[in-house]
Number of protein chains: 2
Amino acid sequence: MYSKTHRQNKIKEILRDHAIYNQEELVKFLSEEGIEVTQATLSRDFQELGVVRTSAAEGSRYTLNVEEAGNQIRKLISFEILSVESNEMLIIVRTLAGRAQGVAHYIDKLNSKLILGTIAGDDTILVVPANVKNIADIVQLINKIMNEEKT
Amino acid sequence: MYSKTHRQNKIKEILRDHAIYNQEELVKFLSEEGIEVTQATLSRDFQELGVVRTSAAEGSRYTLNVEEAGNQIRKLISFEILSVESNEMLIIVRTLAGRAQGVAHYIDKLNSKLILGTIAGDDTILVVPANVKNIADIVQLINKIMNEEKT
DNA sequence: TATATTTATACAAAAAATTGAATATTCAAA
DNA sequence: TTTGAATATTCAATTTTTTGTATAAATATA
(Lines give C-alpha, C1' and ligand atoms only; values in the text may rest on other atoms or scores of the structure.)
Protein backbone atom coordinates (compact mmCIF):
# COMPACT_ATOMS: atom_id res chain seq x y z
CA MET A 1 0.00 0.00 0.00
CA TYR A 2 0.98 3.60 -0.48
CA SER A 3 0.19 6.53 1.72
CA LYS A 4 -1.59 9.66 0.67
CA THR A 5 1.57 11.63 1.38
CA HIS A 6 3.54 9.35 -0.89
CA ARG A 7 1.03 9.79 -3.67
CA GLN A 8 1.05 13.55 -3.30
CA ASN A 9 4.83 13.66 -3.31
CA LYS A 10 4.85 11.68 -6.52
CA ILE A 11 2.32 14.05 -8.00
CA LYS A 12 4.51 17.01 -7.19
CA GLU A 13 7.46 15.22 -8.72
CA ILE A 14 5.59 14.37 -11.91
CA LEU A 15 4.15 17.85 -12.30
CA ARG A 16 7.62 19.26 -11.95
CA ASP A 17 9.22 16.97 -14.52
CA HIS A 18 6.45 16.45 -17.04
CA ALA A 19 3.88 18.57 -18.79
CA ILE A 20 0.52 17.30 -17.63
CA TYR A 21 -2.48 18.68 -19.46
CA ASN A 22 -5.30 16.88 -17.75
CA GLN A 23 -6.05 14.70 -14.79
CA GLU A 24 -6.64 11.48 -16.69
CA GLU A 25 -3.13 11.78 -18.04
CA LEU A 26 -1.83 11.86 -14.51
CA VAL A 27 -3.94 8.84 -13.60
CA LYS A 28 -1.91 6.90 -16.16
CA PHE A 29 1.41 8.31 -15.06
CA LEU A 30 0.73 7.28 -11.50
CA SER A 31 -0.49 3.90 -12.58
CA GLU A 32 2.89 3.27 -14.19
CA GLU A 33 4.44 4.06 -10.84
CA GLY A 34 2.19 1.50 -9.22
CA ILE A 35 -0.19 4.04 -7.79
CA GLU A 36 -3.80 3.34 -8.70
CA VAL A 37 -6.08 6.27 -8.21
CA THR A 38 -9.11 7.84 -9.84
CA GLN A 39 -9.61 11.24 -11.39
CA ALA A 40 -11.84 12.32 -8.51
CA THR A 41 -9.02 11.85 -6.07
CA LEU A 42 -6.62 13.80 -8.23
CA SER A 43 -9.08 16.66 -8.42
CA ARG A 44 -9.02 16.75 -4.63
CA ASP A 45 -5.25 16.35 -4.48
CA PHE A 46 -4.79 19.29 -6.81
CA GLN A 47 -6.83 21.47 -4.55
CA GLU A 48 -4.87 20.42 -1.50
CA LEU A 49 -1.52 20.82 -3.17
CA GLY A 50 -2.42 24.17 -4.68
CA VAL A 51 -1.92 22.95 -8.22
CA VAL A 52 -2.91 25.50 -10.82
CA ARG A 53 -3.36 25.66 -14.58
CA THR A 54 -0.61 27.59 -16.23
CA SER A 55 -1.38 28.59 -19.77
CA ALA A 56 1.35 27.74 -22.23
CA ALA A 57 1.58 27.77 -26.00
CA GLU A 58 0.59 24.12 -26.26
CA GLY A 59 -2.40 24.58 -24.00
CA SER A 60 -2.76 25.00 -20.26
CA ARG A 61 -0.77 22.60 -18.13
CA TYR A 62 -0.90 21.87 -14.45
CA THR A 63 1.88 23.20 -12.24
CA LEU A 64 2.61 23.70 -8.58
CA ASN A 65 1.72 27.13 -7.34
CA VAL A 66 4.36 29.01 -5.41
CA GLU A 67 1.96 31.44 -3.79
CA GLU A 68 -0.83 29.26 -2.62
CA ALA A 69 -0.36 25.78 -1.35
CA GLY A 70 -4.03 25.47 -0.69
CA ASN A 71 -4.67 24.62 2.91
CA GLN A 72 -1.41 22.78 3.43
CA ILE A 73 0.27 25.93 4.55
CA ARG A 74 -2.31 26.51 7.23
CA LYS A 75 -1.47 23.18 8.77
CA LEU A 76 2.20 24.07 8.83
CA ILE A 77 1.48 27.36 10.51
CA SER A 78 -0.27 25.89 13.50
CA PHE A 79 2.69 23.59 14.11
CA GLU A 80 5.10 26.44 13.90
CA ILE A 81 3.46 28.97 16.18
CA LEU A 82 4.25 28.39 19.82
CA SER A 83 2.60 31.39 21.45
CA VAL A 84 1.03 34.76 20.87
CA GLU A 85 1.43 37.52 23.43
CA SER A 86 1.05 41.25 23.57
CA ASN A 87 1.49 44.38 25.61
CA GLU A 88 -0.05 47.81 25.08
CA MET A 89 2.05 48.47 22.01
CA LEU A 90 2.59 45.36 20.01
CA ILE A 91 2.24 41.62 19.56
CA ILE A 92 4.95 39.04 19.80
CA VAL A 93 4.56 35.65 18.14
CA ARG A 94 7.00 32.94 19.12
CA THR A 95 7.70 30.10 16.69
CA LEU A 96 9.85 27.03 16.31
CA ALA A 97 13.47 27.87 15.58
CA GLY A 98 14.01 29.11 12.05
CA ARG A 99 10.32 29.30 11.21
CA ALA A 100 9.54 32.92 12.03
CA GLN A 101 10.08 34.18 8.47
CA GLY A 102 7.62 31.73 7.02
CA VAL A 103 4.93 32.46 9.57
CA ALA A 104 5.42 36.21 9.20
CA HIS A 105 5.04 35.86 5.46
CA TYR A 106 1.76 34.13 5.99
CA ILE A 107 0.55 36.81 8.37
CA ASP A 108 1.54 39.48 5.85
CA LYS A 109 -0.42 37.73 3.15
CA LEU A 110 -3.55 37.90 5.22
CA ASN A 111 -3.55 41.56 4.23
CA SER A 112 -5.36 42.41 7.40
CA LYS A 113 -6.14 46.07 7.81
CA LEU A 114 -5.55 45.59 11.51
CA ILE A 115 -1.86 44.94 10.91
CA LEU A 116 0.63 47.55 9.84
CA GLY A 117 3.45 45.10 9.29
CA THR A 118 5.65 42.38 10.70
CA ILE A 119 9.32 41.88 11.38
CA ALA A 120 10.63 38.37 11.79
CA GLY A 121 13.84 37.08 13.30
CA ASP A 122 14.66 33.43 13.76
CA ASP A 123 11.98 32.35 16.19
CA THR A 124 10.19 35.59 17.00
CA ILE A 125 7.84 37.82 15.05
CA LEU A 126 7.00 41.35 15.97
CA VAL A 127 3.55 42.25 14.72
CA VAL A 128 2.88 45.97 14.58
CA PRO A 129 -0.81 46.89 14.80
CA ALA A 130 -2.29 49.61 12.64
CA ASN A 131 -3.77 50.92 15.83
CA VAL A 132 -3.09 49.82 19.38
CA LYS A 133 -6.81 49.36 19.80
CA ASN A 134 -6.55 46.47 17.35
CA ILE A 135 -4.21 44.46 19.50
CA ALA A 136 -6.80 42.23 21.10
CA ASP A 137 -8.38 41.55 17.73
CA ILE A 138 -5.05 40.68 16.15
CA VAL A 139 -4.18 38.30 18.95
CA GLN A 140 -7.54 36.69 18.46
CA LEU A 141 -6.98 36.51 14.71
CA ILE A 142 -3.66 34.73 15.09
CA ASN A 143 -5.04 32.44 17.72
CA LYS A 144 -7.80 31.55 15.35
CA ILE A 145 -5.29 30.62 12.65
CA MET A 146 -3.42 28.49 15.13
CA ASN A 147 -6.41 26.55 16.18
CA GLU A 148 -8.36 26.48 12.99
CA GLU A 149 -9.44 23.23 11.54
CA LYS A 150 -8.74 22.83 7.91
CA THR A 151 -11.54 24.18 5.78
CA MET B 1 -15.25 21.29 20.14
CA TYR B 2 -11.52 21.65 20.09
CA SER B 3 -9.05 20.14 17.69
CA LYS B 4 -6.17 17.91 18.57
CA THR B 5 -3.78 20.55 17.25
CA HIS B 6 -5.37 23.13 19.49
CA ARG B 7 -4.99 20.89 22.51
CA GLN B 8 -1.38 20.17 21.69
CA ASN B 9 -0.64 23.85 21.20
CA LYS B 10 -2.12 24.58 24.59
CA ILE B 11 -0.01 21.83 26.08
CA LYS B 12 3.14 23.35 24.65
CA GLU B 13 2.13 26.71 26.01
CA ILE B 14 1.37 25.39 29.47
CA LEU B 15 4.58 23.39 29.67
CA ARG B 16 6.53 26.51 28.79
CA ASP B 17 4.85 28.74 31.33
CA HIS B 18 4.21 26.39 34.22
CA ALA B 19 6.07 23.69 36.04
CA ILE B 20 4.12 20.52 35.45
CA TYR B 21 5.23 17.53 37.48
CA ASN B 22 2.77 14.89 36.36
CA GLN B 23 0.12 14.25 33.79
CA GLU B 24 -2.87 14.48 36.10
CA GLU B 25 -1.82 17.99 36.94
CA LEU B 26 -1.99 18.87 33.29
CA VAL B 27 -5.42 17.27 33.01
CA LYS B 28 -6.64 19.86 35.51
CA PHE B 29 -4.84 22.73 33.83
CA LEU B 30 -6.44 21.89 30.53
CA SER B 31 -9.80 21.43 32.14
CA GLU B 32 -9.62 25.02 33.37
CA GLU B 33 -9.04 26.05 29.77
CA GLY B 34 -12.13 24.14 28.77
CA ILE B 35 -10.25 21.18 27.37
CA GLU B 36 -11.42 17.89 28.81
CA VAL B 37 -9.01 15.08 28.26
CA THR B 38 -7.76 11.98 30.07
CA GLN B 39 -4.32 11.06 31.28
CA ALA B 40 -4.01 8.37 28.63
CA THR B 41 -4.34 10.95 25.90
CA LEU B 42 -1.74 13.17 27.49
CA SER B 43 0.67 10.28 27.66
CA ARG B 44 0.26 9.93 23.91
CA ASP B 45 0.47 13.65 23.32
CA PHE B 46 3.72 13.83 25.22
CA GLN B 47 5.20 11.19 23.00
CA GLU B 48 4.08 12.97 19.85
CA LEU B 49 5.27 16.36 21.03
CA GLY B 50 8.58 15.06 22.25
CA VAL B 51 7.97 16.12 25.83
CA VAL B 52 10.65 14.97 28.23
CA ARG B 53 11.21 14.88 31.95
CA THR B 54 13.78 17.41 33.06
CA SER B 55 15.08 16.87 36.54
CA ALA B 56 15.00 19.97 38.71
CA ALA B 57 15.58 20.60 42.39
CA GLU B 58 11.88 20.28 43.19
CA GLY B 59 11.52 17.02 41.28
CA SER B 60 11.42 16.21 37.60
CA ARG B 61 9.13 18.35 35.51
CA TYR B 62 7.91 17.96 31.96
CA THR B 63 9.38 20.19 29.29
CA LEU B 64 9.45 20.43 25.53
CA ASN B 65 12.43 18.77 23.97
CA VAL B 66 14.20 21.00 21.48
CA GLU B 67 15.62 18.01 19.61
CA GLU B 68 12.22 16.48 19.02
CA ALA B 69 10.72 19.72 17.87
CA GLY B 70 13.35 19.46 15.17
CA ASN B 71 12.01 16.10 14.14
CA GLN B 72 8.62 17.64 13.62
CA ILE B 73 10.11 20.21 11.34
CA ARG B 74 11.45 17.54 9.02
CA LYS B 75 7.89 16.63 8.21
CA LEU B 76 7.15 20.18 7.21
CA ILE B 77 10.11 20.46 4.88
CA SER B 78 8.84 18.13 2.19
CA PHE B 79 5.70 20.20 1.85
CA GLU B 80 7.71 23.32 1.35
CA ILE B 81 10.19 22.24 -1.29
CA LEU B 82 8.88 22.47 -4.83
CA SER B 83 11.94 21.55 -6.86
CA VAL B 84 15.67 20.96 -6.74
CA GLU B 85 17.79 21.77 -9.76
CA SER B 86 21.44 22.34 -10.50
CA ASN B 87 23.98 23.33 -13.08
CA GLU B 88 27.74 22.75 -13.04
CA MET B 89 28.28 25.26 -10.26
CA LEU B 90 25.44 25.25 -7.79
CA ILE B 91 22.06 24.01 -6.70
CA ILE B 92 18.81 25.93 -6.69
CA VAL B 93 15.96 24.86 -4.46
CA ARG B 94 12.55 26.36 -5.10
CA THR B 95 10.06 26.53 -2.27
CA LEU B 96 6.61 27.81 -1.46
CA ALA B 97 6.54 31.58 -1.17
CA GLY B 98 8.02 32.79 2.08
CA ARG B 99 9.36 29.39 3.09
CA ALA B 100 12.88 29.58 1.68
CA GLN B 101 14.45 30.89 4.90
CA GLY B 102 13.00 28.06 6.93
CA VAL B 103 14.09 25.37 4.52
CA ALA B 104 17.57 26.88 4.21
CA HIS B 105 17.85 26.95 7.98
CA TYR B 106 17.06 23.26 8.01
CA ILE B 107 19.60 22.48 5.29
CA ASP B 108 22.23 24.44 7.19
CA LYS B 109 21.51 22.46 10.31
CA LEU B 110 22.21 19.23 8.50
CA ASN B 111 25.84 20.28 8.81
CA SER B 112 26.65 18.36 5.69
CA LYS B 113 30.29 18.49 4.69
CA LEU B 114 29.11 18.49 1.10
CA ILE B 115 27.59 21.93 1.52
CA LEU B 116 29.56 25.12 1.91
CA GLY B 117 26.55 27.25 2.69
CA THR B 118 23.14 28.51 1.62
CA ILE B 119 21.57 31.83 0.78
CA ALA B 120 17.81 32.13 0.89
CA GLY B 121 15.45 34.66 -0.57
CA ASP B 122 11.70 34.42 -0.46
CA ASP B 123 11.05 31.30 -2.49
CA THR B 124 14.51 30.36 -3.72
CA ILE B 125 17.58 28.91 -2.04
CA LEU B 126 21.01 28.92 -3.48
CA VAL B 127 23.00 25.99 -2.15
CA VAL B 128 26.73 26.33 -2.60
CA PRO B 129 28.57 22.99 -2.73
CA ALA B 130 31.87 22.51 -0.95
CA ASN B 131 33.06 21.04 -4.21
CA VAL B 132 31.31 20.98 -7.56
CA LYS B 133 31.80 17.25 -7.60
CA ASN B 134 29.34 17.05 -4.71
CA ILE B 135 26.49 18.54 -6.64
CA ALA B 136 24.83 15.29 -7.65
CA ASP B 137 25.09 14.00 -4.09
CA ILE B 138 23.60 17.15 -2.65
CA VAL B 139 20.69 17.05 -5.06
CA GLN B 140 20.12 13.48 -4.05
CA LEU B 141 20.33 14.39 -0.37
CA ILE B 142 17.69 17.07 -0.71
CA ASN B 143 15.49 14.86 -2.83
CA LYS B 144 15.66 12.26 -0.13
CA ILE B 145 14.45 14.72 2.47
CA MET B 146 11.60 15.67 0.17
CA ASN B 147 10.32 12.18 -0.26
CA GLU B 148 10.59 11.05 3.29
CA GLU B 149 7.42 9.51 4.59
CA LYS B 150 5.81 10.64 7.73
CA THR B 151 6.63 8.27 10.57
C1' DT C 1 11.39 -4.66 49.51
C1' DA C 2 6.53 -3.36 49.74
C1' DT C 3 3.31 0.06 48.63
C1' DA C 4 1.61 3.95 46.40
C1' DT C 5 1.86 6.86 42.61
C1' DT C 6 2.49 7.72 37.94
C1' DT C 7 2.75 6.49 33.15
C1' DA C 8 2.09 3.53 29.07
C1' DT C 9 -0.66 0.42 26.41
C1' DA C 10 -4.31 -3.16 24.74
C1' DC C 11 -8.61 -3.01 23.31
C1' DA C 12 -12.93 -1.26 21.68
C1' DA C 13 -15.88 2.53 20.47
C1' DA C 14 -16.40 6.72 18.18
C1' DA C 15 -15.03 10.24 15.13
C1' DA C 16 -12.70 11.86 11.20
C1' DA C 17 -10.43 11.31 6.84
C1' DT C 18 -10.01 9.08 2.48
C1' DT C 19 -11.66 7.22 -1.60
C1' DG C 20 -14.38 5.56 -5.82
C1' DA C 21 -18.61 5.49 -8.49
C1' DA C 22 -21.81 8.16 -10.30
C1' DT C 23 -23.11 12.47 -11.70
C1' DA C 24 -23.36 17.51 -11.86
C1' DT C 25 -20.85 21.32 -13.31
C1' DT C 26 -17.55 23.84 -15.89
C1' DC C 27 -14.86 24.73 -19.80
C1' DA C 28 -13.34 24.63 -24.57
C1' DA C 29 -13.92 23.92 -29.40
C1' DA C 30 -16.61 24.07 -33.22
C1' DT D 1 -25.24 28.20 -28.72
C1' DT D 2 -24.39 23.10 -28.85
C1' DT D 3 -21.55 19.24 -28.02
C1' DG D 4 -17.90 16.77 -26.04
C1' DA D 5 -14.17 16.72 -22.90
C1' DA D 6 -12.49 17.77 -18.43
C1' DT D 7 -13.16 18.73 -13.68
C1' DA D 8 -15.63 19.08 -9.28
C1' DT D 9 -18.82 17.25 -6.08
C1' DT D 10 -22.37 14.21 -3.71
C1' DC D 11 -23.00 10.15 -1.50
C1' DA D 12 -21.80 5.95 0.62
C1' DA D 13 -18.40 2.63 1.81
C1' DT D 14 -14.04 1.95 3.75
C1' DT D 15 -10.05 2.96 6.23
C1' DT D 16 -7.50 5.49 9.50
C1' DT D 17 -7.14 8.25 13.53
C1' DT D 18 -8.38 9.56 17.94
C1' DT D 19 -9.87 8.67 22.39
C1' DG D 20 -11.41 6.63 26.93
C1' DT D 21 -11.60 2.70 29.99
C1' DA D 22 -9.32 -0.61 32.18
C1' DT D 23 -5.15 -2.36 33.37
C1' DA D 24 -0.28 -3.49 32.98
C1' DA D 25 4.18 -1.62 33.59
C1' DA D 26 7.27 1.51 35.48
C1' DT D 27 8.77 4.65 38.88
C1' DA D 28 9.04 6.78 43.28
C1' DT D 29 8.46 6.62 48.22
C1' DA D 30 8.27 4.82 52.62
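We name chains A, B, ... by the order of the sequence lines, and we start the count at 1 in each one.
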ask   = How far apart are the C-alpha atoms of A/Thr63 and A/Leu15, what are their side-chain angles, what is the distance that settles it, and do they pass the side-chain contact (heavy atoms from CB on, under 4.5 Å) test?
value = CA-CA 6 Å; A/Thr63 53; A/Leu15 290 183; over 6 Å; no
Length of the [atom1]-[atom2] vector between [X] and [N], whole Å:
{"X": "A/Glu25", "N": "D/dA6", "atom1": "CD", "atom2": "C1'", "value": "12 Å"}
{"X": "A/Ile35", "N": "C/dT18", "atom1": "CD1", "atom2": "C1'", "value": "15 Å"}
{"X": "B/Gln47", "N": "D/dA26", "atom1": "CD", "atom2": "P", "value": "15 Å"}
{"X": "B/Phe46", "N": "D/dT19", "atom1": "CZ", "atom2": "P", "value": "14 Å"}
{"X": "A/Asn22", "N": "C/dC27", "atom1": "CG", "atom2": "C1'", "value": "13 Å"}
{"X": "A/Gln8", "N": "C/dT19", "atom1": "CD", "atom2": "C1'", "value": "13 Å"}
{"X": "A/Asp45", "N": "C/dA17", "atom1": "CG", "atom2": "P", "value": "16 Å"}

task = Tell me what A/Ser43 touches on the nucleic acid: a base, only sugar-phosphate, or nothing, going by heavy atoms under 4.0 Å.
result =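 The answer is base, as A/Ser43 lies within the cut-off (heavy atoms under 4.0 Å) of a base atom.
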task = Mind checking A/Glu36 for me? I need base, sugar-phosphate or nothing, with any heavy atom below 4.0 Å counting as a touch.
result =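 Sugar-phosphate only.
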Does the side chain of [X] get closer than 4.0 angstrom to OP1 or OP2 of [N] through an N or O atom?
{"X": "B/Tyr21", "N": "C/dT6", "value": "no"}
{"X": "B/Arg7", "N": "D/dT19", "value": "yes"}
{"X": "A/Gln23", "N": "D/dA8", "value": "yes"}
{"X": "A/Arg53", "N": "D/dT7", "value": "yes"}

message = Check whether A/Arg94 reaches the backbone of A/Ser83 with its side chain - one donor and one acceptor, N or O, closer than 3.5 Å.
response =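 No, A/Arg94 side chain to A/Ser83 backbone: no donor-acceptor pair under 3.5 Å.
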If you check every side-chain atom of [X], which of [options] has the closest atom?
{"X": "B/Ala40", "options": "D/dT9, C/dA8, C/dT9", "answer": "C/dT9"}
{"X": "B/Thr41", "options": "C/dT18, D/dT19, D/dT7", "answer": "D/dT19"}
{"X": "B/Lys4", "options": "D/dT18, C/dT19, C/dA21", "answer": "D/dT18"}
{"X": "B/Arg44", "options": "C/dC11, D/dA8, C/dT19", "answer": "C/dC11"}

inquiry  = Can you tell me whether the side chain of A/Glu24 and the base of D/dA5 have a donor-acceptor pair closer than 3.5 Å?
reply    =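 There is none.
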ask   = Does the D/dA8 base have a donor-acceptor partner in the side chain of A/Gln39 within less than 3.5 Å?
value =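 Pair found.
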ask   = For B/Leu30 and B/Leu42, what are the C-alpha separation, side-chain angles and deciding distance, and is it a side-chain contact (heavy atoms from CB on, under 4.5 Å)?
value = CA-CA 10 Å; B/Leu30 288 167; B/Leu42 291 187; 3.7 Å; yes
inquiry  = Among A/Ile138, A/Leu116, A/Ile115, which residue satisfies the side-chain contact (heavy atoms from CB on, under 4.5 Å) criterion with A/Pro129?
reply    =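 The residue from A/Ile138, A/Leu116, A/Ile115 that satisfies side-chain contact (heavy atoms from CB on, under 4.5 Å) with A/Pro129 turns out to be A/Ile138.
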ask   = Is there a chain of hydrophobic side chains (I, L, V, M, F, W, Y, each step under 4.5 Å between heavy atoms) that links A/Leu90 to A/Ile142?
value =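 No, A/Leu90 and A/Ile142 fall in different hydrophobic clusters.
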